[in-house]
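So the structure is just underneath, and the comments pick up after that.
Please read these numbers as outputs of a predicted model, since none were measured by experiment.
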Amino acid sequence: WLKPFWLKVPGEFAPSFTQCSTFLGMAKLTMFAFLAAMVLAEGRLLAPPGKTDKAATASPVDADDQIADLSAQIAAAEGQVQMAAKDAGVPADDDDKPAWEPHCKPETKAELEKAYAEMKHPTGAKAKEHALPEGFAERMEATTRKSMVDNEEFVLGLLMMHQTRGNWEQEQ
(Lines give C-alpha, C1' and ligand atoms only; values in the text may rest on other atoms or scores of the structure.)
Protein backbone atom coordinates (compact mmCIF):
# COMPACT_ATOMS: atom_id res chain seq x y z
CA TRP A 1 0.00 0.00 0.00
CA LEU A 2 1.54 3.31 -1.07
CA LYS A 3 1.59 6.20 1.32
CA PRO A 4 0.19 9.42 -0.23
CA PHE A 5 2.35 12.55 -0.07
CA TRP A 6 -0.26 14.49 1.95
CA LEU A 7 -0.40 11.89 4.71
CA LYS A 8 2.18 13.16 7.19
CA VAL A 9 1.01 11.66 10.47
CA PRO A 10 0.40 7.89 10.73
CA GLY A 11 -3.28 7.12 11.22
CA GLU A 12 -4.47 10.39 9.67
CA PHE A 13 -7.49 10.02 7.43
CA ALA A 14 -6.69 10.04 3.72
CA PRO A 15 -9.16 9.51 0.90
CA SER A 16 -8.88 6.16 -0.82
CA PHE A 17 -8.57 5.63 -4.55
CA THR A 18 -12.18 4.46 -4.80
CA GLN A 19 -13.42 7.55 -3.02
CA CYS A 20 -11.48 9.81 -5.42
CA SER A 21 -12.69 7.95 -8.49
CA THR A 22 -16.28 8.12 -7.23
CA PHE A 23 -15.93 11.86 -6.69
CA LEU A 24 -14.49 12.33 -10.18
CA GLY A 25 -17.27 10.26 -11.68
CA MET A 26 -19.92 12.31 -9.91
CA ALA A 27 -18.22 15.55 -11.01
CA LYS A 28 -18.22 14.35 -14.63
CA LEU A 29 -21.88 13.36 -14.40
CA THR A 30 -22.81 16.70 -12.85
CA MET A 31 -20.95 18.64 -15.55
CA PHE A 32 -22.60 16.56 -18.28
CA ALA A 33 -26.06 17.20 -16.80
CA PHE A 34 -25.35 20.92 -16.53
CA LEU A 35 -24.13 21.16 -20.13
CA ALA A 36 -27.10 19.15 -21.39
CA ALA A 37 -29.49 21.51 -19.58
CA MET A 38 -27.72 24.52 -21.10
CA VAL A 39 -27.89 23.08 -24.62
CA LEU A 40 -31.58 22.25 -24.26
CA ALA A 41 -32.41 25.67 -22.84
CA GLU A 42 -30.52 27.50 -25.55
CA GLY A 43 -31.98 25.28 -28.25
CA ARG A 44 -35.49 26.04 -27.00
CA LEU A 45 -34.81 29.78 -27.00
CA LEU A 46 -33.36 29.73 -30.51
CA ALA A 47 -35.99 27.42 -32.00
CA PRO A 48 -38.33 28.85 -34.63
CA PRO A 49 -41.88 29.44 -33.48
CA GLY A 50 -43.86 26.22 -33.51
CA LYS A 51 -47.45 25.48 -34.31
CA THR A 52 -48.38 25.93 -30.67
CA ASP A 53 -47.01 29.46 -30.62
CA LYS A 54 -49.90 31.99 -30.75
CA ALA A 55 -47.91 34.61 -32.64
CA ALA A 56 -46.90 32.12 -35.34
CA THR A 57 -50.44 30.88 -35.97
CA ALA A 58 -52.15 34.26 -35.66
CA SER A 59 -49.91 36.21 -38.06
CA PRO A 60 -50.74 35.93 -41.74
CA VAL A 61 -48.05 35.00 -44.23
CA ASP A 62 -48.79 37.71 -46.79
CA ALA A 63 -47.31 41.19 -46.14
CA ASP A 64 -50.48 42.94 -47.31
CA ASP A 65 -52.53 40.91 -44.83
CA GLN A 66 -50.10 41.84 -42.06
CA ILE A 67 -50.42 45.53 -42.94
CA ALA A 68 -54.21 45.27 -42.94
CA ASP A 69 -54.17 43.49 -39.56
CA LEU A 70 -51.86 46.13 -38.06
CA SER A 71 -54.02 48.95 -39.44
CA ALA A 72 -57.08 47.35 -37.85
CA GLN A 73 -55.23 47.02 -34.53
CA ILE A 74 -54.20 50.70 -34.68
CA ALA A 75 -57.75 51.80 -35.47
CA ALA A 76 -59.08 49.74 -32.55
CA ALA A 77 -56.47 51.23 -30.21
CA GLU A 78 -57.31 54.78 -31.38
CA GLY A 79 -60.98 54.08 -30.69
CA GLN A 80 -60.11 52.88 -27.20
CA VAL A 81 -58.02 56.00 -26.58
CA GLN A 82 -60.86 58.26 -27.72
CA MET A 83 -63.34 56.42 -25.51
CA ALA A 84 -60.99 56.67 -22.52
CA ALA A 85 -60.46 60.39 -23.16
CA LYS A 86 -64.21 60.90 -23.40
CA ASP A 87 -64.75 58.99 -20.12
CA ALA A 88 -62.01 61.05 -18.41
CA GLY A 89 -63.59 64.31 -19.52
CA VAL A 90 -60.76 65.45 -21.78
CA PRO A 91 -62.05 68.05 -24.27
CA ALA A 92 -62.09 66.89 -27.89
CA ASP A 93 -59.69 68.48 -30.40
CA ASP A 94 -61.26 70.77 -32.99
CA ASP A 95 -60.27 69.53 -36.43
CA ASP A 96 -61.36 72.82 -38.04
CA LYS A 97 -58.82 74.90 -36.11
CA PRO A 98 -55.23 74.37 -37.33
CA ALA A 99 -52.67 73.35 -34.73
CA TRP A 100 -50.28 76.10 -35.90
CA GLU A 101 -51.21 79.56 -37.04
CA PRO A 102 -48.69 81.60 -39.07
CA HIS A 103 -47.73 84.95 -37.56
CA CYS A 104 -46.96 86.60 -40.90
CA LYS A 105 -49.52 88.00 -43.28
CA PRO A 106 -49.66 86.28 -46.69
CA GLU A 107 -48.28 89.40 -48.42
CA THR A 108 -45.25 89.53 -46.10
CA LYS A 109 -44.63 85.83 -46.56
CA ALA A 110 -44.75 86.22 -50.36
CA GLU A 111 -42.20 89.08 -50.23
CA LEU A 112 -39.85 87.04 -48.02
CA GLU A 113 -40.09 84.00 -50.27
CA LYS A 114 -39.38 86.16 -53.34
CA ALA A 115 -36.30 87.70 -51.69
CA TYR A 116 -35.10 84.26 -50.66
CA ALA A 117 -35.55 82.91 -54.19
CA GLU A 118 -33.58 85.85 -55.64
CA MET A 119 -30.80 85.34 -53.11
CA LYS A 120 -30.70 81.58 -53.77
CA HIS A 121 -30.73 81.88 -57.59
CA PRO A 122 -29.34 85.28 -58.56
CA THR A 123 -29.75 86.42 -62.16
CA GLY A 124 -28.30 89.27 -64.17
CA ALA A 125 -26.55 92.04 -62.24
CA LYS A 126 -26.94 90.27 -58.89
CA ALA A 127 -25.12 87.20 -60.23
CA LYS A 128 -22.23 89.36 -61.49
CA GLU A 129 -22.07 91.17 -58.15
CA HIS A 130 -21.58 87.89 -56.23
CA ALA A 131 -19.27 86.26 -58.81
CA LEU A 132 -15.55 85.76 -58.16
CA PRO A 133 -13.31 88.61 -59.36
CA GLU A 134 -11.55 88.40 -62.69
CA GLY A 135 -8.34 86.34 -62.53
CA PHE A 136 -9.09 84.90 -59.09
CA ALA A 137 -8.35 81.30 -60.13
CA GLU A 138 -4.97 82.28 -61.61
CA ARG A 139 -4.00 84.15 -58.45
CA MET A 140 -4.97 81.16 -56.29
CA GLU A 141 -2.86 78.83 -58.45
CA ALA A 142 0.12 81.21 -58.19
CA THR A 143 -0.27 81.37 -54.39
CA THR A 144 -0.40 77.57 -54.14
CA ARG A 145 2.73 77.27 -56.30
CA LYS A 146 4.57 79.85 -54.17
CA SER A 147 3.67 77.96 -50.97
CA MET A 148 4.95 74.71 -52.46
CA VAL A 149 8.27 76.34 -53.47
CA ASP A 150 8.66 77.83 -49.98
CA ASN A 151 8.06 74.41 -48.40
CA GLU A 152 10.59 72.75 -50.73
CA GLU A 153 13.19 75.43 -49.93
CA PHE A 154 12.68 74.85 -46.21
CA VAL A 155 13.18 71.08 -46.55
CA LEU A 156 16.27 71.59 -48.74
CA GLY A 157 17.74 74.00 -46.18
CA LEU A 158 17.06 71.50 -43.40
CA LEU A 159 18.81 68.74 -45.33
CA MET A 160 21.82 70.97 -46.05
CA MET A 161 22.10 71.98 -42.38
CA HIS A 162 22.18 68.36 -41.21
CA GLN A 163 24.66 67.42 -43.94
CA THR A 164 27.09 70.19 -42.98
CA ARG A 165 26.85 69.26 -39.27
CA GLY A 166 27.55 65.63 -40.07
CA ASN A 167 24.64 64.28 -38.06
CA TRP A 168 22.63 63.10 -41.05
CA GLU A 169 22.39 59.55 -42.28
CA GLN A 170 21.35 58.58 -45.77
CA GLU A 171 18.32 56.57 -44.45
CA GLN A 172 16.94 59.64 -42.72
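- Contact of the Gln163 side chain with the Leu159 side chain is not registered, since no non-hydrogen atoms from C-beta on lie closer than 4.5 Å.
- Partners of Lys146 according to the salt bridge (Lys or Arg N to Asp or Glu O under 4.0 Å) rule, which considers only residues two or more places apart in sequence or in another chain, are Asp150.
- Contact check for Glu152 versus Leu156: no side-chain heavy atoms found under the 4.5 Å cut-off.
- The CG atom of Leu70 sits 11.0 Å away from atom CG of Asp65, with the distance rounded to the nearest 0.5 Å.
- The ring pair (Phe, Tyr, Trp, His ring centres under 6.0 Å) pairs that include a residue from residues 135-159 number zero, where partners must be two or more places apart or lie in different chains.
- Within 6.0 Å of CE on Met160 lie no more than 12 heavy atoms contributed by other residues, nucleotides or ligands.
- Not a single salt bridge (Lys or Arg N to Asp or Glu O under 4.0 Å) links Asp87 to another residue, sequence neighbours left out.
- Annotation: the span from Met31 atom CE to Met26 atom CE amounts to 14.0 Å, rounded to 0.5 Å.
- The closest side-chain heavy-atom distance from Arg165 to Met161 is below 4.5 Å.
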